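Please read the structure below before turning to the comments.
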Amino acid sequence: MALTTNELFSRIKPSQIREFDELFRSVEGCIPMTIGEPDFDMPENVKRAAIKAIEDNASHYAHTSGEIGVRKAVSEFLEKQYNLHYDPETEIVMTVGATEGLFAAAFGLLNPGDQVIIPSPYFPLYSYAVELNRGECILVDTSDTGFLMTPELLHKTMAENKNVKALFLNYPSNPTGATYTKDELIALADAIKQYDIFVLSDEIYSEITYGEKHTSIATLLRDRTILFQGASKAFAMTGWRVGVLAADAKWMKTLFLAHQQLVTTGVTVSNRAAEEAFRNSAPDVEKMRSEYEKRRNILVPALQEAGFEVPALKGAFYAFAKIPAKFGTDDKAFCREIGMNAKVGMLPGSIFGPGGEGYVRMSYALSTEMVAEAAERLKTYIASK
């Protein structure tokens with residue numbers, strides 16, 4: 001018998017996000033608006049907590065669910081910020097980034113052939129988590145509904161598919177910047193209640209909203225929601241790999257086992273740093289959120305002036321904009337042209353699935369000066385064509 005590898009990986013492509021990012025970073029002077037990573041450093045108090053953890057020899061295994069201190073801090077944070085009540089002993093697991101939490105959830109919930117609805121455009125990781133755990137993705141184009149899943153779209157999708165196990169939600173959204181109002185979420189939750197499905201809700205950008213405060217779907221559908229949170233975006237801790245998986249205890253028994261088989265436990269020093277972040281970093285989070293909002297307010301008018309159509313950007317730090325009509329709809333060619341000539345790196349919307357064709361995603365998690373310069377370059381180049 002010939003040696004082979006897992007056939008499921010034949011469906012997985014290398015990250016096109018990284019491919020375009022590496023291309024534009026090789027262009028001298030190009031401003032890379034490609035990667036969704038805060039440009040801020042993590043708060044000073046969190047640095048000190050991490051240093052103290054090292055000095056205290058926190059180099060041994062943590063509990064599989066994470067140190068109890070950080071789980072209590074997360075529990076208190078979720079209650080204070082979003083009126084969510086999760087028992088730190090039985091309903092919260094600290095994961096190695098939200099990514100591991102997503103895979104643990106898919107690993108623990110899906111049986112072969114189970115279908116998962118994913119509103120599109122979407123972050124590619126979601127479909128990989130489903131497919132690598134032998135599930136089937138049902139991608140739903142939301143470009144005509146403000147890049148949001150609506151009750152009508154849910155009812156239509158459920159009628160057309162008979163094996164649906166779960167609905168993925170990500171809001172505020174990567175890549176679109178869209179998010180739900182409380183009333184929109186209530187209407188969607190009422191529709192979800194009509195079906196026996198889980199809600200896999202990635203709310204990693206919940207602290208970065210502009211306008212109405214974030215409402216978690218778990219406040220409306222706690223018994224069936226698997227909630228993903230983390231420290232990467234709110235606290236600028238992407239490299240520390242701190243994720244949060246929260247769910248009702250009856251589901252967490254299985255999710256805990258999935259997490260345990262994937263990684264055994266998270267990183268002890270990261271747990272200690274995250275405990276401080278979740279407890280005492282609210283002023284830093286607000287400072288960063290305010291700066292993102294200023295950058296959004298620089299970028300959006302410039303894009304509109306240049307001929308882009310820009311849907312409402314209510315959260316996260318991404319602009320998802322429709323290419324000016326005179327450039328056609330080939331978003332990959334457009335990104336290459338702009339990257340090489342205007343020296344502004346952005347991502348083609350089509351890599352984020354149905355509904356993304358003809359759009360581009362720009363991350364404004366860059367300095368205000370760089371965002372302003374990118375905006376001027378775009379206006380100048382597009383006006384010259």
Side-chain angles (χ1 to χ4, degrees), residues 77-86 116-123 126 138-159 164 166-229 233-234 246-248 282 285-286 289-290 292-293 296-297 300 309-322 352 354-356 359:
F77 174 86
L78 293 176
E79 183 155 5
K80 179 181 178 181
Q81 293 298 100
Y82 310 117
N83 196 32
L84 292 171
H85 311 287
Y86 286 103
V116 179
I117 299 170
I118 303 178
S120 182
Y122 69 100
F123 190 60
Y126 303 148
I138 307 298
L139 304 182
V140 178
D141 185 342
T142 62
S143 57
D144 290 333
T145 56
F147 297 116
L148 298 174
M149 173 61 78
T150 64
E152 295 75 19
L153 277 176
L154 179 65
H155 291 315
K156 180 177 183 293
T157 306
M158 292 298 297
V164 176
L167 165 67
F168 247 122
L169 294 179
N170 166 225
Y171 69 102
S173 167
N174 174 13
T176 69
T179 197
Y180 296 87
T181 66
K182 186 174 183 178
D183 288 343
E184 288 168 338
L185 211 58
I186 289 171
L188 181 58
D190 286 343
I192 293 169
K193 289 175 185 176
Q194 299 177 38
Y195 308 100
D196 292 326
I197 59 174
F198 287 100
V199 179
L200 308 177
S201 193
D202 181 357
E203 302 178 24
I204 192 76
Y205 293 97
S206 61
E207 289 291 290
I208 308 172
T209 59
Y210 316 115
E212 184 173 323
K213 183 176 172 61
H214 179 85
T215 298
S216 175
I217 190 77
T219 60
L220 305 169
L221 298 171
R222 187 189 188 282
D223 64 326
R224 65 175 73 196
T225 297
I226 313 300
L227 177 66
F228 308 100
Q229 268 286 359
K233 310 302 181 180
D248 189 276
V285 172
E286 173 53 27
R289 189 211 63 79
S290 178
Y292 293 136
E293 187 169 20
R296 180 198 67 164
N297 294 342
V300 170
E309 293 180 26
V310 188
L313 307 178
K314 297 181 180 179
F317 38 61
Y318 305 103
F320 201 69
K322 194 170 186 178
F352 298 100
Y359 285 80

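Starting from 1, each residue takes its place in the sequence as its number. None of the values given here were measured: they were computed from a predicted structure.
Under the 6.0 Å cut-off for aromatic ring centres, Tyr171 and His214 qualify, their centroids lying closer than that.
Under the side-chain contact (heavy atoms from CB on, under 4.5 Å) rule, Tyr126 has a single partner from Leu169, Asn170, Val116, which is Asn170. Among the candidates Lys213, Gln81, Gln229, the single residue satisfying the side chain to side chain donor-acceptor pair (under 3.5 Å) test with Ser206 is Gln229. The ring-ring contact (aromatic ring centres under 6.0 Å, His included) test with Tyr359 is passed by exactly one of Phe320, Tyr318, Phe352: Phe320.
The heavy-atom pair separating Pro121 from Gly355 by the smallest distance is CG-C, 3.7 Å. Val164 and Ile197 get closest at one heavy-atom pair: O-CG2, 3.5 Å. Ser120 and Pro354 make their closest contact through OG-O, 2.7 Å (heavy atoms, listed as atom of the first residue, atom of the second, distance). Closest approach of Leu185 and Thr215 over heavy atoms only: CD2-O, 3.2 Å.
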- Task: Apply side chain to side chain contact (heavy atoms under 4.5 Å, CB included) to Glu203 and Ile217, showing your working.
- Result: CA-CA 9 Å; Glu203 302 178 24; Ile217 190 77; 3.6 Å; yes

- Stepwise side chain to side chain contact (heavy atoms under 4.5 Å, CB included) test for Thr176 and Thr142: CA-CA 11 Å; Thr176 69; Thr142 62; over 6 Å; no

- Query: After noting the C-alpha distance and the side-chain angles of Tyr86 and Leu227, does the key distance pass the side chain to side chain contact (heavy atoms under 4.5 Å, CB included) rule?
  - Reply: CA-CA 11 Å; Tyr86 286 103; Leu227 177 66; 4.1 Å; yes

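Thr157 contributes atom OG1, which lies 8.5 Å from atom CD1 of Ile138 (distance to the nearest 0.5 angstrom). A distance of 8.5 Å separates OH in Tyr210 from CG in Leu313, rounded to the nearest 0.5 Å. Atom NZ of Lys314 is separated from atom OG1 of Thr179 by 8.5 Å, given to the nearest 0.5 angstrom. With rounding to the nearest 0.5 angstrom, the CG atom of Asp248 is 12.5 Å from the CG atom of Leu221.
The shortest distance between side-chain heavy atoms of His155 and Met158 does not fall below 4.5 Å. Phe123 is not listed as a side-chain neighbour of Asp202, based on a closest heavy-atom distance of 4.5 Å or more. For the pair Lys182 and Glu212, the minimum side-chain heavy-atom distance is below 4.5 Å. Taking the side chain as every heavy atom from C-beta outward, Phe228 and Leu200 approach each other to under 4.5 Å. Considering only heavy atoms from C-beta on, Leu148 stays 4.5 Å or farther from Leu188 through its side chain. With a 4.5 Å cut-off on side-chain heavy atoms, Leu167 and Ser201 do not count as touching. Looking only at side-chain heavy atoms (C-beta outward), Asn83 and His85 come within less than 4.5 Å of each other. Two residues are said to be in side-chain contact when any heavy atoms from C-beta on lie closer than 4.5 Å; Ile208 and Pro172 fail this criterion.
Using modelled atom types, no side-chain atom of Arg296 and backbone atom of Phe317 make a donor-acceptor pair closer than 3.5 Å. Tyr180 contributes a side-chain N or O that, together with a main-chain N or O of Met149, makes up a donor-acceptor pair within less than 3.5 Å.
At a threshold of 4.0 Å, the pair Arg289-Glu293 counts as salt-bridged, since one of the basic side-chain nitrogens sits closer than that to a carboxylate oxygen.
With 3.5 Å as the limit, one finds a donor-acceptor pair spanning the side chains of Asp141 and Ser143.
Few gaps surround CG on Asp223; more than 12 heavy atoms of other groups in view lie less than 6.0 Å from it.
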